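This report refers to the structure that appears directly beneath it.
Labels below follow one simple rule: chain letters A, B, ... track the order of the sequence lines, proteins then strands, and each chain is numbered from 1. Computation of the quantities below employed the complete heavy-atom set of this structure, encompassing side-chain atoms and omitting hydrogens, waters and symmetry-equivalent molecules. Since this is a predicted model, take the numbers as computed values, not measurements.
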Amino acid sequence: MIEIKGISKSYDSIKAVAQLDMTIQPGRIYGFLGPNGAGKTTAIRMLMNIIIPDEGNILFEGKDQRPPSNQVGYLPEERGLYQKISVFETLQYFAHLRSVPHPNEKIKAYLQRFDLGSRLQSKVSELSKGNQQKLQFINTILHDPQYIVLDEPFSGLDPVNQLLLKEILEEMKQAGKTIIFSSHQMDQVEKLCDDVALINQGQLVTAGKLKTIMQSEGVQRLQVTPVNENDLSHECFSAFNSDRTNGSVFIEIDGQSKQDIIATLNKSMDLKSVKVAEPGLEEIFIHLVQGSQS
Amino acid sequence: MNAWKIAWFEYRRRIRSKWFIIGTFGMPILILGISLGTGYMAGSGAGIETKNFGMIDETGFYGGQLSLVLDQRFADKEVPPFNIAVSNGSFESLQTQFDELVNDKTLDGYFVIPHDFMSNPVMRNYSQSSSTFRSTDLIESELKELLIKQKANSLQLSEEVLGEIFFDVNVAHFDIGSSEERETEELIADYIAPFIFMFLLFLGIFTGGQLLLRAVLEERSSRVIEVLLSTVSYNELMGGKILGLGLLGLTQSAIYLIGAFFAGSYYDLSIITPAIGLLYFTYFILGYLLYAGIYIGVGALFDSEQEAQQAIQIITFIAIIPMVLWTMVIENPNSNLVNILSYIPLVTPFFMMIKIAVGETSIFQILTTIIVMIISVYGSIRLAAKVFRTGILLYGKRVTLPEIYRWIRA
């Protein structure tokens with residue numbers, strides 16, 4: 001378990017992270033979300049011990065002590081690779097630094113799995129952006145770390161490789177690894193994460209189980225589809241907070257009962273279907289970020 | 001342990017790089033080529049343009065004589081440095097004509113030998129530029145000889161008497177306690193060797209320093225630094241880099257010294273002694289560590305190599321001082337100025353290397369300069385560590401001097 005307790009970091013007069021508290025349970029995938037400039041990277045760097053917090057502490061398994069480097073894998077947001085050396089040398093060097101025993105077999109196996117087997121001797125600069133991201137990911141997990149921190153891991157990957165990455169993350173979760181990743185791709189977060197934390201302007205907005213947050217923080221809406229398409233712009237919708245998308249009108253359920261809304265609409269038109277639309281994570285994200293700013 | 005792994009990685013990948021091989025072996029070849037090439041060019045007259053001078057000879061004698069002497073002197077030259085066209089007559093009558101010839105570029109200038117030259121030997125030179133200045137040396141010395149001969153004739157001195165009066169003095173050189181005269185090559189080698197040692201030291205220290213700067217900039221700009229710092233500590237990373245690239249500089253120096261030793265042995269010259277070798281490596285290590293701190297600190301502050309190189313320029317200029325003053329140091333190794341400069345840490349290794357190779361220093365001076373260097377290295381590395389730790393992750397931010405001061409004080 002990782003416990004982040006009241007960490008703060010300032011750069012001159014700018015407070016990048018302020019009194020951040022988070023608890024990351026072992027064997028789970030933890031989504032770390034926030035808009036650009038929210039303080040995610042600073043928080044991740046403090047977690048990785050790259051920068052020291054001005055205050056607060058980070059406990060690994062209850063100890064205020066950094067785990068050994070071979071227990072941690074980190075994928076930074078931008079490519080952290082030497083461009084002028086080969087794929088094999090890159091992985092060998094980091095494996096050596098992390099004291100991986102007999103790394104060559106593992107390197108070859110991972111490269112095969114990521115369809116990079118033929119690029120063993122290629123220089124990193126010769127790889128495409130997506131392949132460099134795959135190499136970076138292999139470098140992060142090659143030493144089989146217990147804690148894996150991924151900053152935008154899906155960036156630059158095509159759908160096939162996104163799926164492969166997801167598969168591997170699931171495998172690692174099954175193996176009891178603790179995975180923390182930040183991403184702007186809410187669909188990936190929704191599919192992968194058990195828990196999430198959202199920060200904005202350096203402060204925690206919300207944190208907890210993804211399902212609980214989606215239920216408690218999301219604004220429920222009714223998806224109404226009239227029989228007659230012309231009714232989509234009927235004036236009775238102006239009584240509600242609503243918007244029109246793809247042949248349906250979405251009405252926010254805000255203090256009124258669903259039955260009252262349906263009864264009001266039934267007086268003005270025939271309804272083809274009415275269903276409750278569950279909010280998406282993206283919607284919750286926007287809602288919470290805007291709420292925290294106001 | 002991690003520092004050694006980083007050091008080995010840096011050493012291994014740089015020593016195999018074609019640029020290191022080209023640089024290490026190409027540099028002496030280039031220097032040798034330039035020395036031989038310029039020597040050949042100077043000898044062959046390549047790049048020399050023949051100047052055309054006029055001469056108004058009011059004596060009606062010296063001009064003609066000078067012309068004959070110069071023709072003999074330049075007979076074996078493909079390109080004589082100058083030609084002289086002599087006209088006998090008075091300056092007043094010929095001045096306008098010669099001025100016009102200079103103005104329309106037919107002549108580069110002209111000389112006037114006055115009618116009373118024998119009693120008042122002052123020759124005048126008229127020209128539009130200073131490019132004729134160097135040519136007057138030769139004309140002066142040849143005229144002087146003609147004048148002496150003329151005076152000797154007027155005093156009715158024979159050639160034998162003249163030979164008795166004018167002769168060359170030579171100096172024979174011996175080592176203390178030796179009866180064997182030293183050869184000219186040996187003397188030249190002794191004179192040049194201190195410069196070579198200093199130059200090799202300079203090359204080794206700055207090759208390592210420059211590679212260090214590039215290595216830091218490469219890791220900073222590619223963000224590899226973040227992956228590394230999630231794996232190793234700042235001190236391990238910095239220490240590993242300094243160590244690895246220092247070993248590279250040592251390898252380069254060892255190659256040069258071994259080369260110099262064998263070259264010296266081939267010509268029967270003992271320019272490298274074990275003591276010089278030991279002190280060379282001592283000053284190399286101390287000098288490299290001092291500059292390593294500076295280079296690594298600067299590398300941690302900038303995003304591009306161009307900006308970093310501009311910032312480091314001032315330091316490079318200071319380090320060039322010994323390269324400019326080396327002849328002065330060889331000839332005056334214990335002057336007050338040289339002794340003071342020998343205690344300025346940025347140039348201490350270079351000045352001391354010259355003094356040691358010349359054999360004009362004391363154990364006291366060696367020990368005290370080593371102590372000064374050790375203190376400076378400690379300060380440089382300590383400050384660099386503070387700047388490195390804070391500055392290395394500040395991407396895209398222009399750091400100010402007050403900020404650096406704050407980091408150092410923190």
Side-chain angles (χ1 to χ4, degrees), chain A residues 9 11-14 16 41-42 44-52 54 66-86 89-100 123-125 132 135-140 142-143 145 147-152, chain B residues 1-20 211 214-237 239-241 244 303 386 388-400 402-404 406-407 410:
Chain A
K9 184 77 192 175
Y11 294 106
D12 296 327
S13 57
I14 300 161
T41 302
T42 303
I44 286 176
R45 283 180 184 164
M46 285 191 277
L47 181 64
M48 298 312 300
N49 204 28
I50 294 172
I51 51 176
I52 310 292
D54 295 335
R66 189 173 186 255
S69 65
N70 58 4
Q71 286 300 302
V72 181
Y74 173 47
L75 184 144
E77 184 180 0
E78 290 177 69
R79 308 299 159 273
L81 296 167
Y82 292 102
Q83 295 293 309
K84 290 173 188 166
I85 62 174
S86 75
E89 278 175 305
T90 301
L91 295 174
Q92 255 191 337
Y93 174 47
F94 283 99
H96 186 48
L97 274 182
R98 291 154 178 161
S99 307
V100 178
K123 278 191 179 167
V124 172
S125 59
Q132 287 197 28
L135 175 62
Q136 180 74 68
F137 183 71
I138 296 169
N139 193 30
T140 308
L142 185 71
H143 52 296
Y147 307 100
I148 299 147
V149 180
L150 312 166
D151 203 350
E152 292 290 347
Chain B
M1 189 60 190
N2 278 334
W4 279 106
K5 289 177 184 173
I6 293 166
W8 177 238
F9 170 75
E10 290 292 351
Y11 181 81
R12 209 167 139 250
R13 86 174 169 132
R14 309 276 172 188
I15 204 156
R16 289 183 306 173
S17 116
K18 61 176 181 285
W19 291 113
F20 178 76
L211 287 172
R214 283 198 199 121
V216 173
L217 286 166
E218 180 195 14
E219 286 174 359
R220 187 177 144 93
S221 62
S222 67
R223 308 291 199 263
V224 180
I225 199 86
E226 290 191 39
V227 183
L228 284 166
L229 289 174
S230 70
T231 310
V232 300
S233 72
Y234 280 89
N235 288 347
E236 284 173 329
L237 180 60
K241 287 204 166 305
D303 289 324
K386 289 192 171 194
F388 184 73
R389 177 174 274 270
T390 318
I392 196 78
L393 292 172
L394 291 179
Y395 307 124
K397 185 180 186 306
R398 196 169 281 275
V399 179
T400 61
E403 278 175 313
I404 298 171
R406 272 206 307 279
W407 302 346

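Ring geometry, B:F9 versus A:Y82: the interplanar angle falls from 30° to 60°, so the pair is classed tilted.
Between the OG atom of B:S230 and the OH atom of A:Y147 there is a distance of 15.0 Å, given to the nearest 0.5 Å. Taking CD1 of A:I50 as the reference point, atom CD1 of B:I225 lies at 9.5 Å (rounded to 0.5 Å).
Residue with the most contacts toward chain B among A:T140, A:I52, A:L97: A:L97 (heavy-atom pairs, distance under 4.5 Å).
Heavy atoms of A:Q92 lying under 4.5 Å from chain B are absent altogether. For a residue to count as touching a neighbouring chain, one of its non-hydrogen atoms must lie under 4.5 Å from one of that chain's; by this rule A:L75 does not touch chain B. Of the atoms belonging to B:E236, not a single heavy atom falls under 4.5 Å from chain A. For B:I6, the parts lying under 4.5 angstrom from a heavy atom of chain A are both the backbone and the side chain. Within the 4.5 angstrom heavy-atom criterion, atoms from both the backbone and the side chain of A:S99 approach chain B. For B:E218, the part sitting under 4.5 Å from any heavy atom of chain A is the side chain, from C-beta outward, and nothing else. Neither the backbone nor the side chain of A:N70 has a heavy atom closer than 4.5 Å to any heavy atom of chain B.
In this structure, B:R12 does not pair ionically with A:E89, as no charged nitrogen and carboxylate oxygen lie closer than 4.0 Å.
Taking 4.5 Å as the limit, every side-chain heavy atom of B:L229 sits out of range of all side-chain heavy atoms of A:R45.
For the pair A:F94 and B:V224, the tightest heavy-atom approach, listed with the atom from each and the gap, is CZ-CG1, 3.9 Å. When every heavy atom of B:R223 is checked against every heavy atom of A:P76, the shortest pair comes out as O-CG, 4.5 Å.
Crowding of A:K123 atom NZ: a count of heavy atoms from other residues, nucleotides or ligands under 6.0 Å not exceeding 12.
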